[in-house]
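Heads up, the thing below is written out as structure tokens.
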Amino acid sequence: MSTRRVWLKQVAMACAGMMAPAIVPVSVLGGDGMVPPSERITLGIIGTGDHGVNRNIRRFLTEADCQIVAVCDVDRSRRINAKQLIEERYEAAHGKGTYTSVADYNDFRDVLARDDIDAVMVATPDHWHVLPSVLAARAGKDVMCEKPLSLTVEEGRILSDTMRQTNRVFMTATENRSHPNYHRMCELVRNGRIGKVKMIQVGLPGAPSITPTSRDPQPIPEGFDYDFWLGQCPEKPYCPARCHWNFRWILDYSGGQLTDWGAHMIDLAQWGNDTEYTGPVEVEGRGEFKKDTLYDVAHAFHINYKYANGVELLVESKNPYLRFIGDAGWIGNDGWCGELQASNPAILREEIGEEETHLYTCPEGEQRNFLDCVKSRKLTYAPVEVGHRTISIAHIGHIAMQLQRKLAWDSARERFSNDEAANWLLSRPQREPWILHRFI
């Protein structure tokens, strides 16, 4: 009897345990304001430099329906710092163990191979924007990519075509379309409040006066995969002045302020001019290039473009500014996101009617818009073709400065119609094994 009573007690306890409610973490159920895992967008970050961390990781960490699960960078110290930042923020916000640890990788292809990652944020140097984005799309990932989208016009065309063919959501990382001053300016212009647009003036900062004091060849720092960092670009000896933030001032990797700030301000010119899916028909310009120096981008420039509708676009190295000039007045601002100004203050008080043009934006910013569009499968406010067309304008301006002659641009074919030498500059040789055509 004693043995039987013990056995019955054990059975009863086992049954009670089976019927007792399980203790499930609140993060799984989505309670207490948290989003359940099934509704979170899992994100991989490719590139953990200044923009990768401060402009993107920190912003994505504030979105409850996004979970960063992986970081990638060829600089080990940078990716480890990013990994620790993310894990500490998640633990502080949600408690230890609520989110899995963040993986870190040297090779972006390891991020793309993971089936549990929905989307990637590409925040690499400019020469590494296109290939990771193309391969991400082919791996079934949605993509947000830092500007400028490409190093050449040909690269940008391949990127845009790939996104269309794979039907992936793409966001060109540009916050200016979400800023109320720029949005308001372009809506007023698009709705005729300054009459017919005649000219658009864009000011961009010139390249800073930096003397690269660390440009002599030096040993590669431990943990920095420098050959991978060079990627498609020519093999060159390592020096600190070449890498990380300073790559912007070297033509092998970027185009200076013309492509860096131009990706923002020329985009707004296109938006207000209603030409964001096309481009100008003519370009000429002059630039000042320093010789015998590592930093060889144009540090001063003056470029004129003409559109088929007669609008002229002036892009010059100056303090940042944007101005639309029409036959009934002008509107613009000085400085980045500066207060709006107009030839007549009454223009700024104009209401946009319900039946008039309302430009698509997201006041919460590009990261929020990207996440919303990943869910809805709609176009972002700065889709890939728009980003490609914007930076193509900077690229053809640079070619005109190099050749020092007026060029006719066929925006439909994306070719110069009067200069075959200029067409050769629409692409660049690429170093093995990172030849884009071999990956598509």
Side-chain angles (χ1 to χ4, degrees), residues 42-49 52 70-75 79 103-173 225-236 243 247 251-255 259 263 370 374 383-389 391-392 395 414-415 423-440:
T42 51
L43 186 66
I45 306 292
I46 302 173
T48 56
V71 294
C72 175
D73 201 295
V74 296
D75 188 325
R79 70 173 182 263
D104 68 281
Y105 302 102
N106 184 78
D107 191 327
F108 70 91
R109 291 170 295 185
D110 291 328
V111 177
L112 304 185
R114 287 181 50 166
D115 292 334
D116 62 336
I117 291 180
D118 301 315
V120 296
M121 170 71 228
V122 179
T124 56
D126 299 357
H127 64 290
W128 266 114
H129 283 174
V130 171
L131 185 55
S133 298
V134 165
L135 295 186
R138 296 198 176 279
K141 319 295 184 191
D142 295 319
V143 180
M144 181 171 173
C145 183
E146 269 298 339
K147 53 76 194 167
L149 284 193
S150 65
L151 199 59
T152 66
V153 173
E154 182 185 62
E155 274 193 353
R157 171 46 53 207
I158 291 172
L159 176 61
S160 186
D161 288 349
T162 298
M163 294 301 156
R164 175 176 46 80
Q165 293 160 3
T166 57
N167 199 30
R168 305 317 305 173
V169 170
F170 187 95
M171 164 63 84
T172 307
D225 192 339
Y226 176 62
D227 186 69
F228 206 148
W229 186 92
L230 285 173
Q232 61 165 282
C233 299
E235 187 173 357
K236 298 286 180 65
C243 302
F247 72 84
L251 286 175
D252 279 346
Y253 322 117
S254 185
T259 55
F370 176 61
V374 168
V384 63
E385 183 67 17
V386 168
H388 163 60
R389 292 290 182 169
I391 206 59
S392 292
H395 289 326
E414 293 187 319
R415 302 281 293 176
N423 285 326
W424 277 101
L425 299 177
L426 296 173
S427 62
R428 298 187 189 185
Q430 295 177 318
R431 189 172 68 110
E432 294 278 6
W434 308 112
I435 297 175
L436 182 59
H437 287 284
R438 296 188 181 178
F439 290 91
I440 58 176

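Please read these numbers as outputs of a predicted model, since none were measured by experiment.
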Do [X] and [Y] have side chains that approach each other closer than 4.5 Å (heavy atoms only, starting at C-beta)?
{"X": "Phe370", "Y": "Val169", "result": "yes"}
{"X": "Phe170", "Y": "Pro383", "result": "no"}
{"X": "Leu436", "Y": "Gln430", "result": "yes"}

Does [X] have any side-chain contact (heavy atoms from CB on, under 4.5 Å) partners at least two apart in sequence or in another chain, and if so, which?
{"X": "Arg415", "answer": "Arg413, Glu420, Asn423, Leu426"}
{"X": "Asn106", "answer": "Val74, Arg79, Asp225, Phe228"}
{"X": "Glu432", "answer": "Ile435, Arg438"}

Which of these passes side chain to side chain contact (heavy atoms under 4.5 Å, CB included) with Val134: Thr166, Ile440, Asp161? Ile440
Side-chain H-bond candidate by donor/acceptor type, His395 with Glu154, under 3.5 Å: no
Pairs of donor and acceptor atoms involving the side chains of residues 116-127, under 3.5 Å and at least two apart or interchain, shall be tabulated with distances.
unit_1: Asp116; atom_1: OD1; unit_2: Arg114; atom_2: NE; d: 3.0
unit_1: Asp116; atom_1: OD2; unit_2: Arg114; atom_2: NH2; d: 2.8
unit_1: Asp118; atom_1: OD2; unit_2: Thr42; atom_2: N; d: 2.9
unit_1: Asp118; atom_1: OD2; unit_2: Thr42; atom_2: OG1; d: 3.0
unit_1: Thr124; atom_1: OG1; unit_2: Trp128; atom_2: O; d: 3.0
unit_1: Asp126; atom_1: OD2; unit_2: Ser254; atom_2: OG; d: 2.6
unit_1: His127; atom_1: NE2; unit_2: Trp229; atom_2: O; d: 2.8

Pair Arg431, Asp252 - check salt bridge (charged side-chain N to carboxylate O under 4.0 Å, His left out), show working. CA-CA 12 Å; Arg431 189 172 68 110; Asp252 279 346; over 6 Å; no
Rounded to the nearest 0.5 Å, what's the gap from [atom1] on [X] to [atom2] on [Y]? Could you check?
{"X": "Asp104", "Y": "Ile45", "atom1": "CG", "atom2": "CD1", "answer": "13.5 Å"}
{"X": "Leu149", "Y": "His388", "atom1": "CG", "atom2": "NE2", "answer": "9.0 Å"}
{"X": "Thr162", "Y": "Arg168", "atom1": "OG1", "atom2": "CZ", "answer": "12.5 Å"}
{"X": "Cys233", "Y": "Tyr253", "atom1": "SG", "atom2": "OH", "answer": "6.0 Å"}
{"X": "His437", "Y": "Ser427", "atom1": "NE2", "atom2": "OG", "answer": "7.0 Å"}
{"X": "Arg138", "Y": "Ser133", "atom1": "CZ", "atom2": "OG", "answer": "12.5 Å"}

Test of understanding: with side chain to side chain donor-acceptor pair (under 3.5 Å), list the residues that count as partners of His129, not counting sequence neighbours. none
Sequence neighbours excluded, the answer for side chain to side chain donor-acceptor pair (under 3.5 Å) partners of Asp110 is none
